2 protein chains.
Amino acid sequence: MSIRLVIADDQALVRGALAALLGLEPDIEVVAELGDGTGVAAAVVEHSADVAMLDVEMPGLDGISAAAAVRRAAPQCRVLMVTTFGRPGYLKRAMQAGASGFVVKDTPARQLAEAVRRVHQGLRVVDPVLAAESLTAGDSPLTEREGEVLKAASDGGTVADIAKSAMLSEGTVRNYLSAAMAKTGGRTRAEAVRIAEDNGWLL
Amino acid sequence: MSIRLVIADDQALVRGALAALLGLEPDIEVVAELGDGTGVAAAVVEHSADVAMLDVEMPGLDGISAAAAVRRAAPQCRVLMVTTFGRPGYLKRAMQAGASGFVVKDTPARQLAEAVRRVHQGLRVVDPVLAAESLTAGDSPLTEREGEVLKAASDGGTVADIAKSAMLSEGTVRNYLSAAMAKTGGRTRAEAVRIAEDNGWLL
DNA sequence: AATGAGGCATGACAAATGTCATGTCGGTTC
DNA sequence: GAACCGACATGACATTTGTCATGCCTCATT
């Protein structure tokens, strides 16, 4: 009885490579490949998949939301997150969203297949380097609103824009940005955005 | 006589996938794989490669500089650029640096192999979608200094930082940023940076 | 019930940023 | 050679941004 696997990744080349490499394993069968997160839960149900391998960064529905959707729609299906960048914050959020494993993309193919098997058996798989970083970097220090405002700022809008879209006074927006800068250690808004992104605090 | 190919890409999975896919072709032989741009020219010389396949975004030496280095060190070796994002500006700069081809990563494997062959024969290969975008978006409107300052700003530094590192007065820096914003159409520094990056004007 | 901690929200003030008018230099055009 | 154009460079001025003191509200603790 082979493991039925669904793969979602926006980069066609990576998706194809993953499918080809893992499909070679005798005990793994790739039943669906998706280019974004929106259809993942449906595909899992349709093909009664055992494991879903999801990229964190995807257009449409992001990987973490997709993971949550999969868990809701098919609780028996395990989720293994695969990511290009090892942002520590993603790890914790993915786990909270119900993922069973979290590995980075340049893991050797053998270990990827092994990770799929472990996850299928109900074990947890976490890249050790990332786990260590996660402990060091810890959670996001930003409050909900702070993160919200900083995310809006990351699109390059002015304070006035953000204030309007978030229904806040301009002063309040500045205050949140100021707090975000203090907490991230950045000296400018742009720096704060960069630091928060690098740590996976924005998504 | 098979085509001797060198592959450089920072993502191990992609690099492996490219090597595996292209190595399957009977007339292509992958003689070296690199994870960054610094050693590419040396590897090309050492293995007397016919074609170098380079990613644009790489740590260390970027793909475009690496392309130029390859052309200098081994003029008979053709360069094929492969990129994740189709930034129009990269295309032109890559061509000026001596590349013979430019394709995006989610091109089907067959066409990638075909692109390698065409390049090897001395033909030029350009992704048609990208070529069209390149004509629309055109060249970077930024002058040398404007680009330089905008690039410095993209790292999140303050005006004072940039002024010091570029040996310019603060007023001058502000002026360049202002010009860059006007030319990109961005209303803030951050927006200008984003637009310039998306168009491949910064690298 | 009182206390205190923390998130949310705001406005006044200081500091940084963005805009503009101006000037120099080197190359092109007439 | 004169006139012109564009890139480079600067300082003065208006606008925007970042900091701070303050107040309100909720929730957990005493």
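Just so you know, these numbers use all the heavy atoms, side chains as well, and skip hydrogens, waters and symmetry mates. If you're wondering where the values come from, they're calculated on a predicted model, not measured in any experiment. Order of the sequence lines fixes the chain letters, A, B, ..., with proteins taken first and strands second; residue numbering starts at 1 for each chain.
Atom CG in Leu177(A) sits about 14 Å away from atom P in dT10(C), given to the nearest Å. Rounded to a whole Å, the OH atom of Tyr176(B) is 18 Å from the P atom of dT17(C).
Residues Ile7(B) and Arg15(B) come closest through the heavy atom pair CG2-CG, 4.1 Å. Between Leu54(A) and Gly63(A), the shortest heavy-atom contact is CD1-O, 3.8 Å.
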Validation: residues 173-183 of chain A side-chain donor-acceptor distances under 3.5 Å, sequence neighbours left out:
unit_1, atom_1, unit_2, atom_2, d
Arg174(A), NH2, Glu170(A), OE1, 3.3
Lys183(A), NZ, Pro141(A), O, 3.3
Lys183(A), NZ, Glu146(A), OE1, 2.9
Lys183(A), NZ, Glu146(A), OE2, 3.3

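Within residues 166-174 of chain B, the residues having any heavy atom closer than 4.0 Å to DNA chain D are, in order of number, Leu168(B), Ser169(B), Gly171(B), Thr172(B). Taken residue by residue, residues 178-196 of chain A places heavy atoms nearer than 4.0 Å to DNA chain D at Ser178(A), Met181(A), Arg189(A).
The side-chain contact (heavy atoms from CB on, under 4.5 Å) test with Met53(B) is passed by exactly one of Val6(B), Asp9(B), Leu112(B), Val119(B): Leu112(B).
The nucleotide range of DNA chain D contacted by chain A, defined by atoms under 4.0 angstrom from heavy atoms of the protein and reported 5' to 3', is dT17(D) to dC20(D).
When the side chain to side chain contact (heavy atoms under 4.5 Å, CB included) test is applied to Arg118(B), the partners found at least two apart in sequence or on another chain are Glu114(B), Leu123(B), Val125(B). Checked against side-chain hydrogen bond (donor to acceptor under 3.5 Å, both in side chains), Gln11(A) has no partners two or more places apart in sequence or in another chain.
A 4.5 Å side-chain heavy-atom check between Val82(A) and Leu13(B) finds every atom pair outside the cut-off.
A salt bridge links Glu148(A) to Arg145(A): at least one charged side-chain nitrogen sits closer than 4.0 Å to a carboxylate oxygen. Comment: Lys105(A) engages Asp55(A) in a salt bridge, judged by a side-chain N to carboxylate O separation of less than 4.0 angstrom.
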